[in-house]
Amino acid sequence: MESFKDYNFSDEINSALDALKYHEPTKTQQACLHALLEGKDVAVEAQTGSGKTLAFGLTILQKLLDSQAHSQNEQAADSSHPHALVLCPTRELAEQVTYQLQLLARRIANTKILAVFGGVAIAPQLSSLKHPPAVIVGTPGRLMDIAMQGRLSFKGLKTLVLDEADRMLDMGFEDQVDWLLKAINDQAQGVQTLLFSATFGGNIQSLSAQYQKDAQTIQVDDGRTHQHIEQTAYKVLANRRAYAVAALLSEHQPESAIVFCQRKQEVVELHQQLQEDGFGVVQLQGDMEQFERSNAVLLFSADCANVLVATDVAARGLDIPSVDLVINYSISDDLDTHTHRVGRTGRAGLKGKAITLIDDTDETKLIGFNAQLPSDIPVKSGLALRFHKNRIREPQYVGVQIDAGKKQKISKGDILGALAKNAHVPAKDIGKIHVSSHRSFAAIKIRSVKRTLLMFRESKVKGKRLRAKKLV
Ligand code: ADP
Ligand code: MG
């Protein structure tokens, strides 16, 4: 396992990493950090959420510390010019990157990190420049405006980062980026130029050729690209969300689907509604008892329920096999959460589908996601969605709970044996069997449930009468 200790960062950086609880580098960071720290020009293509910000943040700040150490005896020659410049396509990203760099630089003296972007008055940004920042993070248009006014010099620049470079071009910033690069080339020498892009299988080489010389290109696929997941958004009225979910489930007929809600109460209500509609559905939210949660997960992963309605928190880290369909009852607040939700389908490269319901008030969140995704999530109208009760897919199995487990010396083999020999349940009617300390669980095809329950009532297993009941 690689650790950040392998990179010989300065103490200030190591303690910031500790404080931020970043223990091991992500796969993307492992793939590019060594090259970045060697001072090479590098172009990195890795998907959203893979930790690209930290990769270039560490590079910028370590170089800053190195040069501070060098210039301690000399006059701090470059201190009135930015040491590093990060170009970002949007204000939101500029602010986010600035924040992350500030956290990382907390223990480094004299590292002002400033965000500049358009859409707001330029004057306050100009006056912020009077106390010179070590790092400037900004959108190309505003940076160009400031530089053209002669308020920004690139003389001391050591690192230039083009973050979300592909997106920057998509958004029409090509001229501004070209202008800035030319200005930088005129004023500074030996600038390390780093380029980051999230478009998987995209045009990293051509981007690199456009902005770098002899750069090393690094492409990382850590399995979270989600390129094989078909994403759609449906625009619905806020009070028609539950109906839309039922309609989508009856249209797609998934064997397994997770519906993500933002709040516990939404989970409770949607679960009840879908149950009334006739779906095999379980819920997962924070107000449930531990045993209720375990039962829900068991029923869902044993195909005794097709639909799981859950909050993000309740579903986090759960080891649930890949599902056919993810529905976002409402869109999540941040792309990270969205990416995690969506990643529940299409695991291991299988095809998956993810549908996000939006209304007028949360459409802006989708626009924000699209700005960071390799391709936009298409939006359809939800008005035409219809729920067909006769198209509900039945769960494959019914869950049977047996009131004995390992503590009562019951094993999987005992249950299997009793089902086959005593109840004559054919092997193909027996699904997942799970034995915990005091209880056991067996997934049984509907047609064999009756004789299963009868068997437990009338005959003994391992010489003991065991109580069994349907688990719902
Ligand atoms: P990208 O720019 O590749 O889309 P970000 O740099 O925004 O991704 O990082 C995504 C998230 O991962 C952030 O919340 C960040 O704090 C977190 N992160 C980055 N590196 C690590 C790490 N080594 N360990 C844990 N979390 C990390
Ligand atoms: Mg990023």
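Note that the numbering runs from 1 along the sequence shown for the chain. Start at 1 and go down the list; that is how both ligands and their atoms are numbered.
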Counting from 1, what ligand 1 atoms have a heavy atom of [X] closer than 4.0 Å?
X	value
P25	23 (N)
T53	2 (O), 5 (P), 6 (O), 7 (O)
S50	1 (P), 3 (O), 8 (O)
E24	22 (C), 23 (N), 24 (N)
Q100	15 (C), 16 (O)
G51	1 (P), 3 (O), 5 (P), 6 (O), 8 (O), 9 (O), 19 (C)
T26	20 (N), 21 (C), 22 (C), 23 (N)

task: For residues F4 and L33, determine if any side-chain heavy atom of one lies less than 4.5 Å from a side-chain heavy atom of the other.
output: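 With C-beta onward as the side chain, the pair touches.
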message: So, using side-chain contact (heavy atoms from CB on, under 4.5 Å) as the criterion, who are the partners of K380 when residues are at least two apart?
response: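 With sequence neighbours excluded, K380 shows a side-chain contact (heavy atoms from CB on, under 4.5 Å) to T232, Y234, given in chain and number order.
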- request: Report yes or no: does a heavy atom of F4 sit under 4.0 Å from some atom of ligand 1?
  value: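 F4: in contact with ligand 1 (<4.0 Å).
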- prompt: Mind checking whether K21 has a heavy atom under 4.0 Å from ligand 1?
  reply: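 No; K21 lies far enough from ligand 1 that no heavy-atom distance drops under 4.0 Å.
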query: Do any nitrogen or oxygen atoms of Q96 come within less than 3.5 Å of a nitrogen or oxygen of ligand 1?
result: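 No; the residue has no nitrogen or oxygen that sits under 3.5 Å from a nitrogen or oxygen of the ligand.
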message: Per the ring pair (Phe, Tyr, Trp, His ring centres under 6.0 Å) rule, what does the pair list look like for residues 8-47, sequence neighbours excluded?
response: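 Sorted pair list: Y7-F9, Y7-H34.
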Side-chain H-bond candidate by donor/acceptor type, [X] with [Y], under 3.5 Å:
X	Y	result
D145	Q149	no
Q265	E269	yes
T159	K63	yes

query: Can we say D359 and R241 salt-bridge, meaning some charged N sits less than 4.0 Å from an Asp/Glu carboxylate O?
result: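 Result for this pair is yes, salt bridge flagged.
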